[in-house]
Number of protein chains: 2
Amino acid sequence: MKHRKLRIHAPAILYFDKVRRCGSFREAARSLNVASSAVNRQILKLEEELGTPLFERLPSGLRLTAAGEIFARHATVVIQDTERVSSQLDALQGLRSGHVEITTVEGVTVDLLPGVIERMRSQYPNVTVGVSILGSTAIPEQIMNGQADLGLAFALLRNSELHQLIRGRFHLGAIMRPDHPLAGHSRLTFASCAAHPLILAKADLSIHHLLAPAISHSKNWGRAVVETSSVELAKKLALRGAGIAFQTRIGIEEELSRGDLVHIPIVNNQPVMSDLGLYTRAGRSLPVAVDAFARMLTEEITRRSQQEQDALSTGITPIL
Amino acid sequence: MKHRKLRIHAPAILYFDKVRRCGSFREAARSLNVASSAVNRQILKLEEELGTPLFERLPSGLRLTAAGEIFARHATVVIQDTERVSSQLDALQGLRSGHVEITTVEGVTVDLLPGVIERMRSQYPNVTVGVSILGSTAIPEQIMNGQADLGLAFALLRNSELHQLIRGRFHLGAIMRPDHPLAGHSRLTFASCAAHPLILAKADLSIHHLLAPAISHSKNWGRAVVETSSVELAKKLALRGAGIAFQTRIGIEEELSRGDLVHIPIVNNQPVMSDLGLYTRAGRSLPVAVDAFARMLTEEITRRSQQEQDALSTGITPIL
DNA sequence: CGCAGTGATGCCGAAATGGCATCACTCTGC
DNA sequence: GCAGAGTGATGCCATTTCGGCATCACTGCG
């Protein structure tokens with residue numbers, strides 16, 4: 001059963017938000033199933049009421065003015081909080097419906113996210129979930145736009161518009177086949193890896209920045225077989241024995257449990273850790289479905305992070 | 001010059017909010033300068049759209065239902081964020097207008113708040129400021145209601161709906177006339193005060209709870225001349241030599257600088273500190289005027305708190 | 001040049017909004 | 001007990017607002 005959209009607000013707010021997203025009055029009108037003139041007039045009325053244009057009408061298309069940016073945040077606030085109201089009213093009646101939209105990076109889609117989504121769907125069968133895979137840089141924008149409720153990414157720079165719900169710390173490790181010469185170690189420095197063929201991360205991955213200092217300190221290297229911005233590709237290359245890749249344990253759970261890969265923490269002076277954060281738009285009350293999903297994700301991240309901590313303190317690397 | 005109210009939202013939201021505040025449809029209608037039937041219909045339409053009543057119509061008056069509470073938050077969110085938009089649009093045009101409503105406790109009205117308001121009015125001449133004096137317990141409610149933008153109080157219990165912008169720590173001290181037998185000390189325990197006539201705080205002041213453990217440990221006391229919930233009254237009594245009162249330095253600035261009173265930090269095991277916090281409703285972007293006022297308050301609180309820290313570290317009590 | 005796309009505007013019917021009068025009801029004070 | 005003042009709900013009507021259609025003026029692309 002799907003809950004109808006609440007129409008408790010002036011159409012102008014919804015129309016404006018659609019136009020902003022579509023970049024065109026007519027496109028927004030089609031998407032809203034209304035005449036374009038209706039949309040046009042609502043925007044014009046809004047601009048008259050506010051005393052300032054919200055869009056620049058350029059030949060190349062629409063662009064938000066400074067006032068438009070201010071109002072866009074307002075529209076997002078109103079629409080998202082309306083969604084919260086809707087979900088909370090449903091919850092009052094015992095319904096657990098709604099939608100969760102999350103943007104994230106590649107690695108978590110392999111094992112972490114599927115598990116959480118499965119639990120979500122068993123506890124909240126009527127909640128729909130949307131997942132988008134984007135680069136780390138695009139994720140904050142999606143959250144602030146209101147296109148995503150939650151963002152899950154490594155090492156996002158903290159922003160006053162972003163709120164970090166939780167942070168998990170995960171060992172960055174060297175991953176390689178069990179028959180690799182270094183596979184027997186329980187700790188590795190980057191320098192000791194550098195003598196072997198390496199699969200490195202490009203600059204748009206957080207891994208790159210974590211290893212950058214170590215790389216610049218290593219003199220005798222140059223054996224980067226591949227540089228990639230896909231952790232999936234790096235994993236597959238390591239599986240084929242192309243070299244040592246560098247990742248957290250997230251995204252290679254199956255290969256680790258089957259023994260197809262080993263994950264050996266990198267230790268320079270201290271263990272090299274990667275921060276996985278869960279983010280929302282700052283200053284927002286979450287709809288119940290989003291809140292529930294966030295809690296489940298938080299729990300799972302905490303569990304895995306704690307698991308690594310425990311493994312470290314007992315001095316036993318979990319697998320191998 | 002006063003900025004007109006933005007009418008960008010469905011009247012139902014504004015009407016609902018008014019009704020909630022007034023506790024009556026007709027009263028709200030009068031306040032809004034519309035017919036009561038218009039208000040009534042907007043509420044009925046809203047309830048139909050949401051599929052649930054928002055008010056219980058009791059013979060004794062209106063009461064919010066659970067759904068009404070949920071929607072009340074929404075109305076507050078929308079209205080307050082509209083105010084933010086209005087202020088930011090004004091700021092774009094170089095105007096600095098708006099309104100700041102603050103609820104606070106008694107003590108800060110003597111010197112801290114007047115100074116900040118004066119600075120505010122010189123930098124933002126067109127901003128109006130409203131101040132309400134309430135008991136500590138009522139302040140969180142006012143903020144969550146949206147009746148106040150800022151709350152300034154000692155030792156509020158932290159709430160997920162409240163956001164603490166800053167916290168200043170201030171010495172709780174014994175205040176007395178300079179001719180009091182204990183006036184020469186630079187530190188005092190509560191026990192040593194207990195041998196003299198005391199002016200104590202009632203349970204609704206945070207001071208009471210700070211001293212409660214010390215009081216219960218002191219055996220031979222019973223010389224509480226007065227118990228009051230007014231720090232102003234306590235100050236006046238101390239000025240007349242009625243006994244030792246217990247406060248922070250906030251609210252007795254003039255008496256301290258003129259030498260009419262001395263303020264001697266209370267030290268039990270550690271110095272007894274009182275937390276002065278500045279609060280807003282959690283999850284809210286502040287209008288520019290409110291933001292500016294909050295910054296000035298923050299600066300002033302930090303300055304005074306730091307001043308006490310410095311005085312402590314150098315081992316010199318500032319006055320006396 | 002034609003064509004497809006855009007935003008703006010005039011016209012008209014439909015829907016929503018607000019004002020007035022009124023009803024049914026409760027509580028208060030005499 | 002009864003009158004008066006208060007409450008929220010409702011029917012009727014004028015006004016305003018909203019949306020749909022057709023159209024105009026303009027831009028970019030072959």
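Protein chains get the first letters and strands the later ones, always in sequence-line order, with residue 1 at the start of each. Note that the coordinates shown come from a computational prediction; the quantities given were computed from them, not determined experimentally.
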TODO: Give a yes or no on whether a salt bridge exists between B/K236 and B/E232, defined as a side-chain N under 4.0 angstrom from a carboxylate O.
DONE: yes
Open item on the list: Tell me whether A/E27 is salt-bridged to A/R30, with the criterion being a basic N under 4.0 Å from an acidic carboxylate O.
Closed with: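 Yes.
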Output the rounded distance in Å from [atom1] ([X]) to [atom2] ([N]).
X     : N      : atom1 : atom2 : result
A/L44 : D/dG19 : CG    : P     : 13 Å
A/F55 : C/dT6  : CZ    : C1'   : 14 Å
A/I43 : C/dA8  : CD1   : P     : 9 Å
B/E48 : C/dA16 : CD    : P     : 10 Å
A/N33 : D/dC18 : CG    : C1'   : 16 Å
A/R30 : C/dA4  : CZ    : P     : 14 Å
A/L46 : D/dC18 : CG    : P     : 11 Å
A/L32 : D/dG20 : CG    : P     : 10 Å

Hey, is the side chain of [X] poking within less than 4.0 Å of OP1 or OP2 on [N], counting only N and O atoms?
X     : N      : value
A/R41 : C/dG10 : no
B/Y15 : C/dG18 : yes
A/Q42 : D/dT17 : no
B/N40 : D/dG8  : no
B/R57 : D/dA9  : yes
A/S24 : C/dT6  : yes

Open item on the list: So, applying side-chain contact (heavy atoms from CB on, under 4.5 Å) with B/D17, which one of B/N145, B/I79, B/V78 is it?
Closed with: B/I79
TODO: Starting from the 5' end of DNA chain C, give me the residue, B/P59 or B/R26, whose nearest nucleotide shows up first.
DONE: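 The residue mapped nearer the 5' terminus is B/R26.
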Open item on the list: Taking atom types as they are modelled, would you say the side chain of A/S37 forms a donor-acceptor pair with the base of D/dG20 within the 3.5 Å cutoff?
Closed with: yes
- [ ] Would you mind telling me which residue lines up with the more 5' stretch of DNA chain D, A/A38 or B/F25, judged by nearest nucleotide?
- [x]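 That would be B/F25.
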- [ ] Answer yes or no: is there a side-chain heavy-atom contact under 4.5 Å between A/L14 and A/R7?
- [x]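 A/L14 vs A/R7: side chains apart.
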Task: Nearest-nucleotide pick for A/K45, side chain only, options being D/dT7, D/dC18, C/dT17 - done: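 The answer is D/dC18.
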- [ ] Please test A/F55 against A/F71 for ring-ring contact (aromatic ring centres under 6.0 Å, His included), starting from the C-alpha separation and ending with a verdict.
- [x] CA-CA 11 Å; A/F55 292 103; A/F71 193 78; 9.6 Å; no
